[in-house]
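The structure displayed is predicted, hence computed values, not measured ones. Indexing begins at 1, ligand by ligand and atom by atom, following the structure's order.
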Amino acid sequence: MSFNQRVEVGAANDAAPILVTGGAGFIGSNFVLDWLATSSGPVINLDKLTYAGNPANLASVAASPAYTFVQGDICDAKLVARLLEEHRPRAVIHFAAESHVDRSILGPEAFLRTNIDGTFTLLQAARSYYDSLVGKERERFRFLHVSTDEVYGTLSPDDPAFHEETPYAPNSPYAASKAASDHLVRAWVHTYKLPAIMTNCSNNYGPYQFPEKLIPLMIANALQGKALPVYGDGQQVRDWLFVLDHCRAIRTVLEQGRIGETYNVGGGNQRSNLEVVTTVCALLDELVPDSKFKPHFQLVKYVQDRPGHDRRYAIDARKLEGELKWRAEESFETGLRKTVEWYLANAAWVADVTSGAYQQWMTQNYDSREAGRSTVAIGEGSR
Ligand code: NAD
Ligand code: TYD
């Protein structure tokens with residue numbers, strides 16, 4: 001166990017903290033920054049710091065008395081129990097996961113361990129902590145499990161979007177491990193009356209996303225004049241959600257959501273991958289006018305498809321919108337512009353996270369994909 005407590009919660013702050021897992025990852029760090037900027041409550045961040053966790057994301061709050069960082073594993077039952085006992089959080093917000101589908105195909109073990117065993121460990125610890133609570137502390141305690149729309153499987157072009165009652169049909173090792181964790185949460189509510197709530201969201205994008213995922217990968221590669229690898233025919237559809245809209249949804253569900261319920265969170269922005277890449281390239285053409293790789297779309301390269309690639313995801317967020325009055329505020333166009341601008345302004349962050357082991361991943365995932373059709377003509381992407 002590696003335990004590294006850098007900043008203690010200020011004794012003067014009497015608001016009960018929240019315990020966040022995976023807070024040094026993409027969504028988690030956006031959530032922690034947003035939480036500390038918009039609320040007075042302290043945060044304990046438990047993160048193992050895998051390749052996807054980056055404490056630099058939280059450098060701006062590292063010295064805050066409201067922020068405590070603990071490097072450790074959610075599978076470490078003793079550590080989790082100790083943190084709950086010591087800090088007595090009013091909620092656990094569970095982000096920690098192995099999150100990349102391609103990595104789950106090449107090495108599923110870590111996904112089963114963290115996503116299933118890790119969630120089980122947290123649920124057990126939360127259950128025994130909850131059993132020790134009385135009065136107001138017990139009434140307000142929540143366990144919020146952050147999950148994905150990928151548990152619902154894949155949609156055909158004309159299928160209605162995923163809603164909370166859509167049967168689970170996970171297709172990738174990642175999706176199966178998240179589905180398993182969702183089932184555990186459901187069972188802990190039903191059997192042990194743990195006051196848990198689940199959110200299942202669509203593809204997030206925004207600042208601090210590790211450049212193994214589609215949007216930051218395309219930005220990082222285009223800026224260096226590298227190929228933009230589009231899997232298969234590029235017509236797979238995702239429903240893009242700006243990460244800060246997601247963070248706001250989680251806060252809303254935490255404060256107002258009903259125990260035992262699932263809330264789907266989506267951006268209402270269905271786009272094919274080729275449309276996404278086309279828009280990223282157009283933004284880079286505009287924002288980096290003197291780039292020697294302009295027009296960036298010429299860098300697109302069709303490569304071998306992902307095995308078992310889900311064709312379409314789409315979220316029906318009407319429950320969250322109707323019941324809790326949440327709305328996605330960012331359109332895909334405004335959110336993507338902000339995202340590209342962030343990556344342009346944070347070239348040092350990208351350089352830092354893409355050094356070292358990242359290069360091995362790029363070789364492992366991309367070199368083995370036979371190149372299909374090579375560079376396509378500009379504009380072909382919008383057909
Ligand atoms: P991420 O991969 O960027 O970050 C995951 C974080 O969890 C990292 O900081 C990592 O160090 C930490 N972690 C991994 N294993 C751990 C362990 N055993 N113990 C402690 N910490 C560990 O992931 P993300 O994109 O921020 O996703 C966060 C959550 O949201 C995940 O549960 C994911 O399944 C879910 N989700 C993500 C998306 C998306 O588009 N990114 C969409 C739907 C759902
Ligand atoms: P990704 O960002 O990995 O998220 P997810 O698989 O969870 O949806 O991928 C988004 C889409 O982009 C998905 O259909 C796969 C595709 N994709 C590519 O075409 N090329 C790439 O290099 C990557 C990483 C993804």
Determine, for E286 against R337, whether the closest basic-nitrogen to carboxylate-oxygen distance falls under 4.0 angstrom. yes
Worked verdict on D285 versus K294 for salt bridge (Lys or Arg N to Asp or Glu O under 4.0 Å): CA-CA 6 Å; D285 290 351; K294 250 176 84 176; over 6 Å; no
Would you call R140 and E255 a salt bridge, taking side-chain N to carboxylate O under 4.0 Å as the test? no
Thinking salt bridges, do R311 and D159 make one under a 4.0 Å N-O criterion? no
Which of the listed options, F210, Y231, Y313, holds the heavy atom that is closest to atom 19 (O) of ligand 2? Y231
Does the side chain of W240 come under 3.5 Å of the side chain of N204 through a donor N or O and an acceptor N or O? no
Taking only heavy atoms of H100 into account, list the atoms of ligand 2 that are under 4.0 Å away from them. 3 (O)
For atom 42 (C) of ligand 1, what's the nearest protein heavy-atom neighbour? Residue, atom name and distance, please. S202 O, 3.5 Å
Atoms of ligand 2 less than 4.0 Å from V230 heavy atoms? 19 (O)
Below 4.0 angstrom, N of the basic side chain to O of the carboxylate: do E212 and R103 qualify? yes
Shortest protein contact, atom 32 (O) of ligand 1 (heavy atom only): K178 NZ, 2.6 Å
One residue to check: I215. Relative to ligand 2, which of side chain, backbone, both or neither has a non-hydrogen atom less than 4.0 Å away? neither
Could you list the atoms of ligand 1 found under 4.0 angstrom from a heavy atom of C201? 42 (C), 43 (C), 44 (C)
Atom 11 (O) of ligand 1: nearest protein contact (heavy atom, Å): D47 OD1, 2.6 Å
Any atoms of ligand 1 less than 4.0 Å from a non-hydrogen atom of S99? List them with their elements. 1 (P), 2 (O), 23 (O)
Just let me know how Y174 lines up against ligand 2, side chain, backbone, both or neither, with a heavy-atom cut-off below 4.0 Å. neither
Answer yes or no: is there an ion pair linking K319 with E261, defined by an N-O contact shorter than 4.0 Å? yes
So, R88 and E137, do they make that salt bridge, N to O below 4.0 Å? yes
Could you tell me whether W361 and H100 have their ring centroids closer than 6.0 angstrom? yes
Can you list the atoms of ligand 2 that are under 4.0 Å from a heavy atom of L217? 22 (O)
May I ask whether G72 has any heavy atom positioned less than 4.0 angstrom from an atom of ligand 1? yes
If we number the atoms of ligand 1 from 1 as shown, the ones under 4.0 Å from a heavy atom of D73 are 17 (C), 18 (N), 19 (N)
Quick one: does C75 get a heavy atom under 4.0 Å from ligand 1? no
List ligand 1 atoms under 4.0 Å from N203, heavy atoms only on the residue side. 40 (O)
Starting from the C-alpha separation in whole Å, work towards a yes-or-no answer on side-chain contact (heavy atoms from CB on, under 4.5 Å) for D305 and Q236. CA-CA 11 Å; D305 208 351; Q236 302 82 6; 3.8 Å; yes
Looking at D131 and K193, is any side-chain nitrogen of the basic one under 4.0 Å from a carboxylate oxygen of the acidic one? no
Record the part of L49 in heavy-atom contact with ligand 1 below 4.0 Å; permitted values are side chain, backbone, both and neither. backbone
Taking 4.0 angstrom as the limit and counting only heavy atoms of E150, give me the atoms of ligand 2 inside it, by number and element. 5 (P), 7 (O), 8 (O)
Taking only non-hydrogen atoms of T148 and a 4.0 Å limit, the atoms of ligand 1 in range are 43 (C), 44 (C)
Counting only N and O atoms by type, is there a donor-acceptor contact under 3.5 Å from the side chain of N30 to the main-chain atoms of L244? no
Go through ligand 1 atom by atom and flag the ones less than 4.0 Å from a non-hydrogen atom of G53. 8 (C), 9 (O), 11 (O)
Is Y51 close enough to touch ligand 1? Criterion: a residue heavy atom under 4.0 Å from a ligand atom. no
Give a yes/no verdict on a cation-pi contact between R142 and Y130, requiring under 6.0 Å between NZ or CZ and the six-membered ring centre and an angle within 45° of the axis. no
Nearest-0.5 Å distance that lies between atom CZ in F297 and atom OG1 in T278: 4.0 Å
Can you name the atoms of ligand 1, numbered from 1 with element, that are less than 4.0 Å from a heavy atom of K48? 16 (C), 17 (C), 18 (N), 19 (N), 20 (C), 21 (N), 22 (C)
Check: S181/H145 side-chain N/O donor and acceptor closer than 3.5 Å: yes
Within the structure, is a non-hydrogen atom of S29 found at a distance of less than 4.0 Å from ligand 1? no
Quick one: nearest non-hydrogen protein atom to atom 12 (O) of ligand 2, plus distance? N273 ND2, 3.3 Å
Provide the number and element of each atom of ligand 2 under 4.0 Å from a heavy atom of E212. 24 (C)
My understanding is that we take every heavy atom of each candidate and find the minimum distance to atom 6 (O) of ligand 2. Doing that for M218, R306, R311, which one comes out nearest? R306
Would you say R369's side chain and Q304's backbone share a donor-acceptor pair under 3.5 angstrom? yes
Check for me whether R306 meets the cation-pi criterion with Y231, that is, NZ or CZ under 6.0 Å from the six-membered ring centre and within 45 degrees of the ring axis. no
Lys/Arg-Asp/Glu bridge criterion (N-O < 4.0 Å) met for D34, R251: yes
List every atom of ligand 1 that sits less than 4.0 Å from any heavy atom of S147, numbering the atoms from 1 in the order shown and giving each element. 43 (C), 44 (C)
With only distance considered, is Y174 within less than 3.5 Å of ligand 1 through an N or O on each side? yes
Where's the contact between L214 and ligand 2, heavy-atom distance under 4.0 Å: side chain, backbone, both or neither? both
Any non-hydrogen atom of T21 lying under 4.0 Å from ligand 1? no
With a 4.0 Å cut-off on heavy atoms, does F210 reach ligand 1? no
Please determine if F95 has a nitrogen or oxygen closer than 3.5 Å to a nitrogen or oxygen of ligand 1. yes
Quick one: which of H309, Q236, K213 has a heavy atom closest to atom 13 (C) of ligand 2? H309
Ranking G234, S99, S272, P229 by closest non-hydrogen atom to atom 20 (N) of ligand 2, top hit is P229
